[in-house]
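Proteins get letters first, then strands, A, B, ... in listed order; numbering begins at 1 in each.
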Amino acid sequence: MALSGLDIFKLLPRTNCGDCSVPTCMAFAMKLAQKKADLSECPHASEEAKESLGAASEPPIRLVKIGGANALEIGNETVMFRHDKTFFHQTGIATVLLTSEDSGDLRKKIEEIESYRVERVGEELFTDLFFIRHDTDNENNFLETIRAVQNFSSKGLILDCSSIDILKKGLEICKNDRPAVYLREAATNQDFDLSKAFNASLILTANSLESLETQSEKARTAGVSDLILNLESINLGQRLQDSTLLRRSALKNNFKPFGHPLFSYIRGKNIYEYLAEASVLLCKYNSIIVLPEYSKALLYALFTLRQNIYTDPQKPIQVDPKIYSIGDPTPDSPVFVTTNFSLTYFMVSGEIENSGISAHLVIAD
Amino acid sequence: MVFEISKDNNVGQVVSVRLGATIEQGGTRSHTLTVGGNTALPFHFFEGQFPHPPVVAMEVFDRVSPKFPPPLRDYFKNVLDKPGEMAKKCVDEYGADLISVRLEGTHPEKGDLSAEEAAEIVQNVLKSVSVPLIISGHNHFEKNNSVMKKICEIAAGENCLFNFVETDNYKTIAAACIAYNHTLVAQSPIDVNMAKQLNILLTDMDFPLDRIVLDPLTGTLGYGLEYTYSIMERIRIDGLSGDKMLSSPMLVNPGYEAAKVKETRTPMEDNPDWGNLAERIAHWEVATAMSLLITGADILILYHPEAVKAVKGKIKDMYQTPKDE
Ligand code: B12
Ligand code: SF4
């Protein structure tokens, strides 16, 4: 359970030295309790304090990073409903690469997905990850695919490979880019060693809440905490329920084994069913969604949904209220007036641009 | 195992509302549909009862909007301007649970069809299909009221769902619905308090709460969806916490709203990054419908047959989730 401000205060040196840039130990304790500060900011904290506070001061859902320079950050959410505050780290979208595909085709696909960036309401939208599924016996296919992604893309990687030896060689290639490893079977010590050796997060797969709890507990005890949870379910209804339970236990009960981002591999009979499942799981707490197929129409709809749901309800996307020039307006050009709501602004400015007329667009708040 | 499932204990329950009426009940429908009744947030089967799954309606028109997306026309072709036949196709071929007859052509600026013409269309649809009907109007108060009054009369006893009344215009249609035994959609512009206020106004005139469906106003994907999404979640949470005036089942219009936006009209040639238009139209409805479904939508009016199939399929699938109890 989370510690109260007073509990934390008792563990601090109580000298009010101010080195934490807060005037008193009590004030610092209050900030810790509200998770607005980190214990490391107090240089005088005892080992005992660090230990007791370590667990309690962790955020209820761990922040996990996947990828190199532009790493995807997921987790660290604090509410069940976006209207209670906001959802902070938007769902990462991954597309699948099968290593059985022809290497030329794969390369084309990687390049195409890499270059697929589409603008909406002033934001650039794109996929975040590749999910590499090794489905041949030839280890070179796996290693080549990883290299191809490294060469032609800046997106992060999730590796799915049932042979631990081949996996290890693959991780060797991308170890500087914080890859994630998707585990099909219950996690073992070997997996934990891999995770530590290659700085890789682990996606734990389980068929029941019990098994997920056991695996997560085991990993955490082994010192692996960059975990992502994949609870397999018989249908979308169960997956929605389980995702809700996992999020609720992390946030409301501070239940550590489930305090990690969630993962779903999307299933369905056709692209519409893919989107139907992905929409539900994106809204309800999944931090990584893997799409089995690459389709722009599907992705554009899913990007738009993600942008909507992850908009901060307290500050809708807005543009600065001022006068915008469209084209090269002169004092004789027409003047248009509309509101600062981004969606309205981009619709109206887009229409004016399409008309080919230069104009002044006055945006009022 | 240390983990214990923590369940929410709700004191409230979504009101059950029956749609349609059989011969014994004074109508001519082959069956009725009931929505609502759940005692927990949507699809939380582990902590509540869910007697009635959400239903999917399709829509037919007195006059087809010139903006109706072309790839969608291909599904209906020559029946698009024959509401009775189109309704039959929607039910028989595409599996619509009920049919909405949209009478926008009676709007003075969109065709100005008379109340009598509208009545004839509704009668025709009533004969063509045996599922319950939704009668969808527009916001030209005066004309809409006279049309709706007429339809209430000619469909007396059928328990149609009259879509919609709003705070500034509810008395005429509500009175007609009471007189001729129909159910009503109370629409409010994405606002919890206004939704509640309208239900209070309606019940103050003795309109029974179990004949009201709430329309929180659908913002479609990319056009204010997040507002509708959060307002619906808040309405559901308040209703389940015991606020009777916010416990009505909810209706949303993903089809109608999606068909208005440029994402369902712009061909791929004009914007390659948006992908195939024919698929995109269905996607726009699917994403809107599924996200609103999990916030509490009980009745969804869709246009695209593929969207209907996917959404209905997922509702059915989700209602087969094993229950703990
Ligand atoms: C989402 C929404 C909200 C959201 C966000 C609003 C926002 N930030 O803009 C929230 C929930 C916050 C909201 C609140 C309110 N809303 Co509101 N809202 C909507 C809704 C559902 C969609 C608006 C939208 O985003 N449309 C998409 C954008 C792109 O369209 P647009 O802004 O209208 O712009 C288009 C045209 O108007 C036109 N256009 C706009 N500017 C210009 C300029 C020029 C030069 C040209 C040529 C064209 C043009 O082109 C644009 C592209 O098509 C509409 C209903 C609807 N379906 O339209 C109601 C609506 C706009 N809201 C309404 C109301 C009453 C309110 C509230 C007063 C409700 C309340 N009780 O508080 C508040 C006021 C908030 C405020 N301070 O402005 C009414 C307005 C009625 C009126 N005309 O007086 C509407 C029409 C709903 C209704 N039928 O009652 N709303
Ligand atoms: S730095 Fe540590 S000891 Fe000093 S005031 Fe802050 S909490 Fe207290």
Side-chain angles (χ1 to χ4, degrees), chain A residues 81-83 116-121 209-210 212-214 217 233-241 244-245 248-249 252-253 255 257-258 268-280 282-284 295-302 304-305 307-311 313 316 341 343 347 350, chain B residues 1-6 8 41-47 219 221-227 229-231 233-234 237 262-263 268 271-291 293-295 304 306-307 309-311 313-315 317-322:
Chain A
F81 301 102
R82 60 186 291 284
H83 62 253
Y116 181 43
R117 291 173 165 257
V118 45
E119 198 193 291
R120 188 177 175 89
V121 199
L209 287 160
E210 284 95 333
L212 192 63
E213 178 185 336
T214 314
E217 201 58 82
S233 331
I234 56 152
N235 66 3
L236 179 60
Q238 176 140 44
R239 201 150 197 130
L240 169 60
Q241 248 176 225
T244 305
L245 283 172
R248 192 185 279 176
S249 61
K252 293 217 171 129
N253 310 336
F255 187 65
F258 294 162
K269 291 199 272 295
N270 57 38
I271 47 171
Y272 307 115
E273 289 203 2
Y274 292 155
L275 182 65
E277 276 214 34
S279 301
V280 169
L282 183 144
C283 293
K284 290 298 172 190
S295 148
K296 282 185 180 172
L298 189 165
L299 280 172
Y300 187 53
L302 194 60
T304 306
L305 181 63
Q307 187 181 43
N308 284 172
I309 297 299
Y310 282 85
T311 297
F341 184 34
L343 181 59
M347 298 283 282
Chain B
M1 162 128 163
V2 189
F3 175 69
E4 267 179 63
I5 290 180
S6 71
D8 279 351
L41 287 175
F43 305 99
H44 285 201
F45 300 109
F46 63 98
E47 56 186 359
L221 181 61
Y223 293 84
L225 174 68
E226 68 274 31
Y227 294 102
Y229 181 95
S230 286
I231 291 300
E233 278 198 327
R234 288 174 52 198
I237 291 169
K262 67 177 178 192
E263 283 77 357
M268 185 159 66
N271 203 336
D273 284 341
W274 288 6
N276 179 291
L277 174 62
E279 291 172 8
R280 199 193 315 137
I281 299 176
H283 282 317
W284 228 253
E285 284 189 30
V286 168
T288 307
M290 292 308 289
S291 51
L293 192 60
I294 53 174
T295 66
H304 199 299
E306 288 294 347
K309 198 157 79 179
V311 173
K314 286 295 167 195
I315 294 174
D317 175 48
M318 288 166 92
Y319 265 71
Q320 280 159 2
T321 304

Which region of [X], side chain (C-beta onward) or backbone (N, CA, C, O), has a non-hydrogen atom less than 4.5 Å from a non-hydrogen atom of chain A, or is it both or neither?
X	answer
B:Leu41	side chain
B:Phe43	both
B:Asp8	both
B:Ile237	side chain

Which atoms of [X] approach chain B - backbone, side chain, both or neither, heavy atom under 4.5 Å:
X	answer
A:Leu299	neither
A:Leu240	side chain
A:Thr214	neither
A:Leu305	both

Taking all non-hydrogen atoms of both residues into account, name the closest pair between [X] and [Y] and its distance.
X	Y	result
A:Asn235	B:Asp317	ND2-O, 2.8 Å
B:Lys314	A:Ala276	CG-CB, 3.8 Å
A:Leu236	B:Met318	CD2-SD, 3.8 Å
A:Asn308	B:Glu226	O-CB, 3.2 Å
A:Ala301	B:His283	CB-CB, 3.9 Å
A:Leu245	B:Phe46	CD2-CE1, 3.5 Å

Just how far is it from atom [atom1] of [X] to atom [atom2] of [Y], taken to the nearest 0.5 Å?
X	Y	atom1	atom2	result
A:Tyr272	B:His304	OH	NE2	5.5 Å
A:Lys296	B:Asn276	NZ	CG	11.5 Å
B:Glu306	A:Glu273	CD	CD	10.0 Å
A:Thr244	B:Glu47	OG1	CD	8.0 Å
A:Ser279	B:Leu293	OG	CG	10.5 Å
A:Met347	B:Lys262	CE	NZ	5.0 Å

Against chain A, work out which of B:Glu285, B:Met268, B:Met290, B:Arg280 has the most heavy-atom pairs shorter than 4.5 Å and name it. B:Met290

Count the heavy-atom pairs under 4.5 Å between each of B:Leu221, B:Thr288, B:Val286 and chain A, then report the option with the highest count. B:Leu221

Between B:Trp284 and A:Tyr300, is there a side-chain heavy-atom distance shorter than 4.5 Å? yes

Is there side-chain contact between A:Pro257 and B:Phe3, with at least one heavy-atom pair below 4.5 Å? no

Examine distances only and state if a side-chain atom of A:Arg82 and a backbone atom of B:Ser230 form a donor-acceptor pair shorter than 3.5 Å. no

Just give me the residue among A:Gln238, A:Lys284, A:Arg120 that pairs up with chain B most often, heavy atom to heavy atom, under 4.5 Å. A:Arg120

